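What you see below is based on every heavy atom in this structure, not just the backbone, and it leaves out hydrogens, waters and symmetry mates. These numbers were taken from a predicted model, which means no experiment stands behind them. Chain letters run A, B, ... following the sequence lines, proteins first, then strands; residues in each count from 1.
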Amino acid sequence: MILEKKFDFKNRENKIYNFWAKNNFFSVDDDYNKKKFSIVMPPPNITGKLHMGHALNLTWQDILVRFKRMCGFNVLWLPGTDHASIATEIKILKEKNISKKNITREKFLEYAQEWKEKFESEIINQIKKIGSSCDWNELNFTLDKNINRAVNFVFEDLYNKKIIYKGEKIINYCPNCMTSIADAEVKYKEDNGYLYYLKYFLKNSSDFLVVATTRPETIFGDSAIAINPSDIRYLSYINKKVIVPIVNREVKIVFDNYVDINFGTGVLKITPAHDFNDFDISQKHNLKIINIFDDEGNLNESAGEFCGLNVSLSREKIILKLEKLNLIIKKEKIKHNIGIHERCGEIIEPMVKPQWFLKMSELTKPCIKSYENHELKFFPERFGEVYLKWLNNLNDWCISRQLWWGHRIPVYYCETCGEILVNQEKILSCKKCRSKKIKQEESILDTWFSSALWPFATLGWPDKTLDYEYFYPTDLLVTGYDILFFWVIKMIFSAFEETKKLPFKNVLFNGIVRDKFGRKMSKSLDNGIDPIEIIKNFGADTLRFSLSINAGTGSDIKFNIKDLENDKNFCNKLWNASKFIIDIKKNNLENNIRSSKKNNVYDFDLDISDRFILSRANHIVLNVTQLLESYEIANALKKVHDFFWYEFCDWYIECCKIKIYLNKNKSCIWILYDVLIICLKLLHPFLPFITEEIFLNIQDKEKSIMISCWPECNNSLLDLDSENNFEFLRSIIKTIRNLRSEKNIHPSKKTFVHIILNDKKKEEKINQNKYLFGLCGINKIFLDMPENKKNMVRQITDDFDILLSLDGLIDKESNISILEKKYKKILKEIERSDKILSNKEFVKKAKKDLVELECEKLRSNKELLDKIKKEIKLNYDRRS
RNA sequence: GGGUGCAUAGCUCAGUUGGGAGAGCGUCUGCCUUACAAGCAGAGGGUCGUGGGUUCAAGUCCUACUGCACCCACCA
């Protein structure tokens with residue numbers, strides 16, 4: 001077979017993917033006695049398309065999954081998508097241009113289902129384009145029946161354990177979306193507002209306290225004013241009461257350290273229902289909670305004449321009225337932060353509303369313990385600190401949302417007797433009074449409640465299925481560090497509580513893909529890069545290469561499209577080298593049948609380059625395997641990349657060409673072939689498509705590279721001596737090339753060289769060496785010092801002395817400059833050694849072999865310097 | 001306000017237990033040498049953010065500072 005001139009990734013990638021899928025290479029093996037490797041995919045939201053972060057995350061997972069599969073594990077990589085309740089709801093409403101007021105829940109859910117079908121399949125296609133080798137038979141969606149079953153099971157269980165409770169606490173509320181929202185969905189924006197100084201008269205007195213507030217419209221909710229107990233200005237107000245303006249309600253003055261003496265007047269109005277800190281203070285001082293807003297964020301009847309007005313309108317009118325009543329002392333401009341709902345842009349309103357909560361205090365204990373005793377590991381480790389910090393600062397989690405697209409809370413209310421029934425199965429009649437007037441809770445669960453069960457709910461839990469028993473707990477989670485709190489922690493405590501096990505042993509964090517300036521990709525900056533576009537233009541392999549070689553664990557990537565041009569080159573190099581090897585094998589080995597390799601041992605004579613490359617290749621196998629096992633993706637790829645390009649292509653292939661073109665020994669073709677196969681396999685996890693295409697074209701024993709065996713290190717081929725010998729040869733070649741380049745000798749011009757070795761034993765290695773002839777334009781080698789050094793350039797090193805003839809090649813310029821450069825370098829090294837060795841402390845305290853080494857260096861460098869000095873002098877003499 | 005990370009060549013980043021500063025890209029020079037000009041060969045380029053400390057020895061450990069990024073809390 002031969003390879004096309006170029007790899008046609010546009011056509012081939014899809015076909016190769018389909019070939020894998022058709023042959024079920026992605027699926028788990030039926031043999032559940034094998035060692036397993038399981039990993040669940042962080043489910044992308046069905047809100048749109050995949051972004052670069054997904055591409056990075058999927059690439060990393062796929063690399064490790066393909067690696068493990070080739071290592072012989074029974075691999076489960078379980079794919080899925082997330083319903084993303086609020087995000088999807090908003091998108092659907094926007095797309096259909098409808099409001100939830102004008103549509104029934106059922107109709108809306110129909111739309112949502114349509115949306116899901118459409119976007120899920122789009123996202124799945126994108127996941128495939130990246131090359132993800134996940135098991136599509138195991139596809140899950142966070143709203144699937146089996147997940148719903150697990151969700152209801154957990155809800156009932158946690159309710160019975162009193163971990164889930166219904167309560168009235170302050171929560172973030174979006175008046176536009178009319179639902180409680182997660183704290184994380186509140187983004188803060190700087191706002192130019194005013195600080196109003198209002199008079200609060202003391203009861204039955206003309207004395208008043210001045211309260212500074214940015215929100216005068218919330219006075220209807222005031223249930224106290226607060227002062228710092230150490231604020232000496234207000235000591236006389238203990239046990240006094242004040243009258244809330246306009247409302248004319250009598251409220252207490254409470255003393256609390258929370259109040260900042262230096263802000264405003266040091267007097268704070270307390271509105272427990274609409275401010276988190278005020279709520280806390282109200283709990284401590286047992287204050288009344290007065291809700292003053294309706295569900296749409298307008299003032300309710302507690303605001304009297306202002307009832308029905310929205311925040312900004314009511315603020316205007318109340319200020320007018322306060323001014324009229326002479327209750328405003330002054331107003332100041334102030335910059336402060338206001339909370340915005342990140343998904344719809346509305347100003348959020350903290351509210352006290354009945355919601356469902358999950359009590360955190362007990363759940364976190366095993367999470368902390370499992371980290372502290374190293375059962376749970378983070379890569380990189382530092383995220384453990386972040387993890388612990390989160391766990392130690394958790395508030396109870398508000399899990400209910402007033403939305404439609406999600407798991408409806410399995411709580412039923414008897415409309416006859418008021419009984420609250422919590423049951424995983426649907427309830428048709430009241431257990432207490434048998435009434436059939438049963439109404440299910442309207443709220444749904446926070447999206448993360450179902451995602452928290454992902455690693456086990458997807459495996460059939462709460463049933464003890466075969467899959468669950470075999471694949472759970474999973475081995476690894478690969479995810480972005482930005483969802484450590486939202487997702488990772490929630491999975492861990494849910495898993496501990498429900499399955500009594502850690503859901504995964506290791507967590508590998510990928511970073512964020514940023515633009516070339518280091519900015520986050522976002523719609524507002526319009527700097528997003530679509531991974532699918534990149535794949536169209538460069539191929540999935542190039543994208544994967546770029547995302548792997550660039551990315552350290554847990555650190556962000558600056559992604560520059562310009563770099564892709566370079567990354568593409570590696571695929572090209574791989575392709576061309578393979579093409580060359582295939583061609584040369586076909587043209588030079590008639591029967592193409594191997595008779596020469598038995599039991600992994602070559603029975604033909606190996607020369608210095610053969611031994612070198614075989615040893616190096618086996619070292620690389622060791623290194624790369626070890627690096628992948630510790631999830632060092634970038635370093636692993638770099639290792640193969642460097643070996644392939646700078647050792648195999650630059651040196652070994654070049655050596656082989658010489659042998660083959662000279663019609664000498666052609667058995668090296670088998671080594672070319674073997675090392676190529678090793679490289680292809682080592683590269684396959686990173687570049688699955690191109691390696692498969694090549695693999696299928698160069699051999700017919702195995703059906704696919706993705707199910708072939710990971711290379712093993714053949715210890716009998718490890719050979720440090722040969723590596724060193726070849727290195728020695730290389731340094732001679734490089735020195736000669738350097739001299740030629742400095743002297744501008746055209747590559748086609750041959751010349752002769754004198755090489756004088758310090759170690760005469762090595763002479764046989766270089767004498768008449770074909771590689772020296774072939775790789776640096778030499779036509780004759782002498783091993784002695786020439787009698788006439790005229791018209792020669794010279795380089796002197798530790799190991800050898802090289803004189804290159806310039807006869808008839810260039811003008812007769814001397815080589816003083818080359819030697820002087822070297823002289824300076826050696827001088828610097830001598831100075832360094834001198835300095836260290838003249839330090840008595842060093843000689844006394846440093847390790848002995850280190851001192852000896854330094855002495856030896858100094859000695860040989862001095863010798864070298866001497867030689868160079870003489871040579872320079874000679875050159876000058878000759879010139880004058 | 002609390003926390004984490006980063007600072008090394010013009011750019012992007014490696015640098016494992018402290019023991020002679022690395023790569024790729026870009027730049028410069030020479031080459032279309034029968035796999036690859038998306039290539040080959042060669043060269044130049046760094047007071048390792050600043051100041052202190054530990055040590056015989058610091059890019060590496062400690063400390064203070066500066067700058068940048070991010071996370072959390074929050075501004076009545």
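Here the P atom of nucleotide G24(B) and the CG atom of Asp567(A) are 14 Å apart, to the nearest Å.
By the stacking rule of 5.5 Å between ring centres and under 30° between planes, Phe263(A) stacks on the base of A76(B).
Taking atom C1' in both A23(B) and A9(B), one finds a spacing of 11 Å when rounded to whole Å. Across U33(B) and U27(B), the matching C1' atoms stand 25 Å from one another, rounded to whole Å.
OP1 or OP2 of C72(B) has not a single side-chain nitrogen or oxygen of Tyr387(A) nearer than 4.0 Å. For the OP1/OP2 pair of G20(B) and a distance below 4.0 Å, the side-chain nitrogens and oxygens of Arg832(A) include at least one atom meeting the criterion. At the phosphate of U29(B), neither OP1 nor OP2 sits under 4.0 Å from any side-chain N or O atom of Asn744(A). At the phosphate of C40(B), OP1 or OP2 sits under 4.0 Å from a side-chain N or O atom of Trp645(A). Checking the phosphate oxygens (OP1, OP2) of C71(B), a side-chain nitrogen or oxygen of Lys520(A) falls inside 4.0 Å. Here Asn738(A) reaches the OP1 or OP2 of A43(B): one of its side-chain N or O atoms lies under 4.0 Å away. Side-chain nitrogen and oxygen atoms of Lys558(A) include at least one within less than 4.0 Å of the OP1 or OP2 phosphate oxygen of C13(B).
Within 4.0 Å of Asn393(A), counting heavy atoms only, lies no atom of the nucleic acid at all. When heavy atoms are screened at a 4.0 angstrom cut-off, Glu654(A) is found touching base atoms of the nucleic acid. Counting non-hydrogen atoms under 4.0 angstrom, Cys649(A) reaches a base of the nucleic acid. Across all strands, Lys6(A) comes closer than 4.0 Å to base atoms (heavy-atom distances). At the heavy-atom level, Tyr188(A) lies under 4.0 Å from base atoms of the strands shown. When heavy atoms are screened at a 4.0 angstrom cut-off, Arg519(A) is found touching no nucleic acid atom at all. Across all strands shown, Lys840(A) has no heavy atoms under 4.0 Å from either base or sugar-phosphate atoms. The residue Trp390(A) sits close only to the backbone: its heavy atoms come under 4.0 Å of sugar-phosphate atoms, none of a base. When heavy atoms are screened at a 4.0 angstrom cut-off, Asp260(A) is found touching base atoms of the nucleic acid. Using a 4.0 Å heavy-atom cutoff across all strands shown, Lys657(A) reaches at least one base atom of the nucleic acid. Counting any heavy atom pair closer than 4.0 Å across all strands shown, Ala212(A) reaches sugar-phosphate atoms only and no base atom.
Contact of Lys845(A) with A57(B) (side chain to base): no donor-acceptor pair of N or O atoms is detected under 3.5 Å. No hydrogens or angles were tested; on distance alone, nothing pairs the side chain of Lys844(A) with the base of C56(B) as donor and acceptor under 3.5 Å.
Looking at the side chain of Asn566(A), the nearest of the listed nucleotides C25(B), C40(B), C70(B) is C25(B). Distances from the side chain of Phe486(A) to the nucleotides C72(B), G3(B), A38(B) place C72(B) closest. Closest approach to the Lys734(A) side chain among C56(B), G42(B), A35(B) is made by G42(B) (side chain taken as heavy atoms from C-beta onward). Comparing atom distances between the His746(A) side chain and each of C32(B), C56(B), C36(B) picks out C32(B) as nearest. In the set A38(B), A35(B), U12(B), the nucleotide with an atom closest to the side chain of Phe580(A) is A35(B). Candidate nucleotides A38(B), C36(B), U34(B) were compared by shortest atom distance to the side chain of Lys573(A), and C36(B) ranks first.
For the 3.5 Å distance criterion, the side chains of Tyr197(A) and Glu332(A) qualify, holding a donor opposite an acceptor. Between the side chains of Tyr258(A) and Asn228(A), no donor-acceptor pair is found at a separation under 3.5 Å. For the residue pair Gln795(A) and Thr735(A), no side-chain donor N or O sits within less than 3.5 Å of a side-chain acceptor on the partner.
In this entry C65(B) has G49(B) as its Watson-Crick or G-U wobble partner, both defining distances falling under 3.5 Å. Remark: U34(B) base-pairs with no nucleotide; criterion is Watson-Crick or G-U wobble with both hydrogen-bond distances under 3.5 Å. G1(B) is paired with C72(B) under the Watson-Crick or G-U wobble criterion, all donor-acceptor distances under 3.5 Å. C25(B) is paired with G10(B) under the Watson-Crick or G-U wobble criterion, all donor-acceptor distances under 3.5 Å. In this structure, A58(B) makes no Watson-Crick or G-U wobble pair, since no nucleotide meets both defining distances under 3.5 angstrom.
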For the pair Phe545(A) and Phe686(A), evaluate ring pair (Phe, Tyr, Trp, His ring centres under 6.0 Å) and give the outcome as yes or no after the intermediate values.
-> CA-CA 6 Å; Phe545(A) 182 91; Phe686(A) 307 93; 8.5 Å; no
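Checked for salt-bridge contact, Asp642(A) and Lys638(A) meet the test: a charged N lies under 4.0 Å from a carboxylate O. Checked for salt-bridge contact, Asp231(A) and Arg233(A) meet the test: a charged N lies under 4.0 Å from a carboxylate O.
Remark on RNA chain B: of its neighbouring residues Glu841(A) and Pro747(A), the 5'-side contact belongs to Pro747(A), judged by nearest-heavy-atom nucleotide.
A ring-ring contact (aromatic ring centres under 6.0 Å, His included) with Phe378(A) is found for exactly one of Tyr631(A), Tyr481(A), Tyr387(A), namely Tyr387(A).
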